Amino acid sequence: MPQLDALKEEAVYLRLWLGIQAAAYISLIGWFASAAESATPRLFGLAIVGIMVLSFIILLLHRQIERRIRDIRSL
């Protein structure tokens, strides 16, 4: 039973970070949409890189959560 509780806590903790990353992602896209015309090319490029990095992090977190769910189901 302790292993089940630990897996559940890990899944909750990863979902917290997934929510934080998703909020940052949405905020960055919102800024990107509103400031696309007035942003400097350097800032524009950094925003695109930030969106790509956040997308990758969100994907990794999602996969880790899926693994934890599979582990919970197998117990």
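Quantities reported herein were computed from a predicted structural model and do not represent experimental measurements.
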Can you hop from I69 to L14 via hydrophobic side chains spaced under 4.5 Å?
-> yes
I65 vs W17 side-chain heavy atoms within contact, under 4.5 Å = no
Please check if Y25 and W31 belong to a single hydrophobic cluster, counting links between Ile, Leu, Val, Met, Phe, Trp and Tyr side chain heavy atoms closer than 4.5 Å.
-> yes
Which of these, I58, I51, V53, L59, sits in a side chain to side chain contact (heavy atoms under 4.5 Å, CB included) with S55?
-> I51
Taking a hydrophobic cluster as the set of Ile, Leu, Val, Met, Phe, Trp and Tyr residues connected by side-chain heavy atoms closer than 4.5 Å, whether directly or through intermediates, do L28 and L43 fall within one such cluster?
-> yes
Members sharing F56's hydrophobic cluster (side chains within less than 4.5 Å) | L60
Under a single-linkage definition using a 4.5 Å side-chain heavy-atom cutoff for Ile, Leu, Val, Met, Phe, Trp and Tyr, are I57 and I29 assigned to the same hydrophobic cluster?
-> yes
To the nearest 0.5 Å, what is the distance between CG (L46) and CZ (R42)?
-> 6.0 Å
Considering residues at least two apart in sequence or located in another chain, which fulfil the side-chain hydrogen bond (donor to acceptor under 3.5 Å, both in side chains) criterion with E66?
-> H62
Nearest-0.5 Å distance that lies between atom CG in L61 and atom CD in Q21 = 6.5 Å
M52: which of I48, V49, L54 passes side chain to side chain contact (heavy atoms under 4.5 Å, CB included) = I48
